[in-house]
Amino acid sequence: MTQRTSLQPEPYSKSDQDAVLELFQNSWFKRYTIDWQFGRDQRHAPVMVKDGRRALAFNGIMPVVVWNGSSRCRAAWSCDFLVASDMRRAGLGKALKQALRGQWPLVMALGISNVGQAVLSRTGWRRSQGPRHYVKFVRGDSPTRRLIAGVQRLIDRKTHRDARDRPELTAEARTSLPPTSMLDGLWSEIEGSYPCCVVRDGSYLEWRYGDMPHGGYVFISGSESGKLRYLLVVKRYADSVELVDYVGPLNDKAVISHAVDVAIDYSSNDVRVDCFVSDGAFPDELMRRGFLRTRGPSVAFFTQDRDGFTGAGTKEWFLMGGDSDPEVLRNSRRYWSDFSVSVADDAELDGLQQDWDDLMRRCAADPLFMSWRWQRTWLRHFREEAALTPHIVSLRNKEGQLVALAPFCSRVLSTKGLRTRRIELIGGLWRSNRTMRSEYLEPLIDPAWVAPAAPALARWLLDIGDCHEFVFKDSPAASRSAAALCERLSDRCLVRSLSRAEEDVARFIALPESYEDYLATLGGNTRRRLHGRRKYLERLGHVQIRKAGPERIAEFFGVLNRFHVHRWGAPAFEGSRLEFHLDLCRQLLPLGNIHASELLLDGRVLSVLYNVVAGGREYNLQMGFDQSFHSGKISLGTLHLGYAIEDAIRRRVTEFDLLAGSGKREFYKPRIAPEGVVLVTRHVIRPRLRQAAYRLFRSKSG
């Protein structure tokens, strides 16, 4: 259980913004509204608890003025109530709520999570009824909804036949609010018709709807002889319209009916119309026009009244979707989830380098195998041989920032006459030995944008009509982006996770400050093989470690291949694989990122190591040694690794990566590199018939 802390709530300031955003699970859109939402009134800031630069808890507020039927009162909506997962049950939530109650005569809350409701109940808040949800299907996008839409049209026609005489109102839809003076005049006339509500005067409406970043609201104003009688705030999404707010007389059903009519006409080309509103005349008119009430009221909470304010906590409140922040969250989430999608081929890769590198840094993805340079070089050398079609999918947000990049490629296979089109990540072809294996592969998604970007990538994949399988090979099991993408695909596909116990664990060493510190972590036998046998080798002759430069790199690979033929019966690299590595070395040797080292005894090459450095990590891509050198006391490969690890520590490399795979006679890597990353291959099957076949096969095979 988390221990209680002595840290106390304090006011939030703009300098705390980045720390607070770390608490938000939906920070991918919250960062665009946080200044607007919490910077309106610097005198009354949200409250938070922090420890140094880290935010431990936060409670946002939206200051408003409320009306109780006879007087006004200063109040605030409580929103964005967050406590760090490791600090829950430490009393921070209760402290924040008590701090708010001490600052405001009335604090209100809508759209509260179950955890938040529990905290409010324990701290003396009163539970009440919130707005209900009403929906009208203008046209159905499914058989059930088409039937509902038909019934709603019948109700609508009957309502029109029984309609009362309505005033001669004219309606205008515009993207900006009417003048503040008109809004103030309207509210002063109608305020007395409301029980308890937020004061919807000109300044409030300008802040709430006019100034909200990327709000995209449409304002329908109803006028009579040039005088404003009502204002309806609506928001159009891809295929729906939401009635967000209503400012007009609550006791004039004719005016409300006109507003609802205009809203339905405005949404005639959409699938549905939604409205969140509390009980009263407005929802009565909605139901007369065929709207359905879909569920019970949401939950609202109020603090105890202060300063003589009455009515809080009763059912007399007029609430709509625009009150508090739930609608803000819906609007922002949908707006910032609308990505521009582009698909590049290998000819367009050069233009992506700068954005790719920037996204890599934000993703903390593998600096070698997911780098632009590795992926481009890999595709250049293996595209034709493996008959690949590249699809480099980029997602950019509304600001044009690259937030996701998935380097896909597709190929067509034929197994026993069955044609299969498979999409995979560039760098890792499943069940193919034609290419160079890449590890730590995953879609590149900015961590703050995983929630909206993964569904967008899944939609792109599923829109490819003739694709049968998706395979994401050698992804880290802990990869958020790969897991989120496959979770979205699992709604319509069968997802199989495959991993082999030894071959699919990438082993690495988190290098300490000194080589001696590293040796101290090893067992006695491993330490002797890695380091202690140096003296024995030195007694046999002159020992030398030599680096192969650009002029000798081809000769280096020749020696490596000769050792591999002797040991494994085939060269390490040949054909396209050899050309790939020669090309990579031509690019990286001038940068000092290739460490092709040879272990020599009296001028004779006994062992070779081929290492690449990227992002502070050194990768051992391949090694080989001379099997004709007979000495039962020396393991040449292990001894050479000891020299390479010592050299990496001297160069301040942070990690030494032995990658996945096992040795020929023994699985030596765990003894040298105790830390490991589990790699998973996710096989996603799309056609339902093939899904059934796989399930049947698995059931029979146990």
Side-chain angles (χ1 to χ4, degrees), residues 26 29 33 110-111 130-156 159 171 173-175 208-209 212-221 231-247 256-278 282-283 285-298 319-341 397-398 451-452 455-456 458-459 462-463 488 491:
N26 292 325
F29 71 83
T33 60
L110 272 179
R132 299 176 186 266
H133 177 225
Y134 297 83
V135 62
K136 179 180 176 68
F137 292 101
V138 181
R139 54 186 177 85
D141 56 355
S142 68
T144 301
R145 290 183 175 179
R146 281 193 288 272
L147 176 62
I148 295 173
V151 173
Q152 290 175 317
R153 281 194 294 271
L154 290 175
I155 297 173
D156 202 356
T159 302
R174 50 194 292 177
T175 56
R208 175 61 184 83
Y209 302 112
M212 180 185 168
H214 313 292
Y217 298 105
V218 173
F219 307 99
I220 299 176
S221 55
L231 180 76
L232 191 65
V233 183
V234 301
K235 171 66 181 177
R236 169 165 277 143
Y237 295 107
D239 58 357
S240 67
V241 167
E242 181 176 343
L243 310 187
V244 178
D245 210 343
Y246 168 76
V247 186
I256 296 174
S257 181
H258 187 276
V260 173
D261 284 348
V262 173
I264 292 174
D265 291 340
Y266 176 78
S267 59
S268 59
N269 294 322
D270 297 284
V271 171
R272 58 187 285 167
V273 188
D274 294 280
C275 184
F276 296 85
V277 63
S278 54
F282 197 91
E285 289 303 315
L286 292 177
M287 297 187 71
R288 282 174 56 83
R289 292 301 310 273
F291 280 76
L292 297 177
R293 191 168 62 196
T294 63
R295 57 174 178 263
S298 56
L319 299 170
M320 285 198 71
D323 285 306
S324 187
D325 69 329
E327 190 278 333
V328 174
L329 302 180
R330 289 195 300 273
N331 188 358
S332 299
R333 185 183 292 112
R334 293 188 187 185
Y335 179 86
W336 290 104
S337 296
D338 185 14
F339 300 108
S340 61
V341 183
N397 64 18
K398 294 283 189 176
R459 284 194 300 271
L462 293 171
D463 283 344
R488 287 292 177 171
D491 293 339

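All values derive from a computational prediction rather than experimental measurement. Along the sequence shown, residues are numbered consecutively beginning with 1.
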Do [X] and [Y] have side-chain heavy atoms sitting under 4.5 Å apart?
X: Val262; Y: Leu232; result: no
X: Asp245; Y: Tyr217; result: no
X: Leu286; Y: Leu243; result: yes
X: Phe276; Y: Asp323; result: no
X: Phe219; Y: Val247; result: no
X: Val328; Y: Met212; result: yes
X: Phe29; Y: Leu329; result: yes
X: Pro131; Y: Leu110; result: yes

- Give a yes or no on whether Arg488 atom CZ has more than 12 heavy-atom contacts from other residues, nucleotides or ligands under 6.0 Å away.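 Not more than 12 within 6.0 Å, no.
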
Exam field: side chain [X] to backbone [Y], donor-acceptor pair closer than 3.5 Å:
X: Arg293; Y: Arg132; answer: no
X: Arg174; Y: Ser221; answer: no
X: Ser267; Y: Ile264; answer: yes
X: Asp338; Y: Tyr335; answer: no
X: Asp274; Y: Glu242; answer: no

- Query: Once the angle between the rings of Trp336 and His214 is folded into 0 to 90°, is it parallel (under 30°), tilted (30 to 60°) or perpendicular (over 60°)?
  - Reply: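 Perpendicular, since the angle between the ring planes exceeds 60°.
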
- Item | Full working for salt bridge (Lys or Arg N to Asp or Glu O under 4.0 Å) between Glu327 and Arg330 | CA-CA 5 Å; Glu327 190 278 333; Arg330 289 195 300 273; 5.5 Å; no

- Cation-aromatic face contact Lys235/Tyr237, 6.0 Å, 45 degrees: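 Yes; both conditions hold, so Lys235 lies above the ring face of Tyr237.
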
- Query: Taking the six-membered ring of Phe339 as reference, does the NZ or CZ atom of Arg459 fall below 6.0 Å from its centre and within a 45° cone about the axis?
  - Reply: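 Judged by the rule, Arg459 and Phe339 form no cation-pi pair.
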
- At what distance, to the nearest 0.5 angstrom, does CZ of Arg272 lie from OG of Ser240?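 If I round to the nearest 0.5 Å, the distance is 6.5 Å.
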
- Query: Can Val277 and Tyr246 be said to form a side-chain contact (heavy atoms from CB on, under 4.5 Å), step by step?
  - Reply: CA-CA 9 Å; Val277 63; Tyr246 168 76; over 6 Å; no

- Message: Give me the atom names and distance for the closest heavy-atom approach of Ser324 to Arg208.
- Response: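 Closest heavy-atom pair between Ser324 and Arg208: O-NE, 4.3 Å.
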
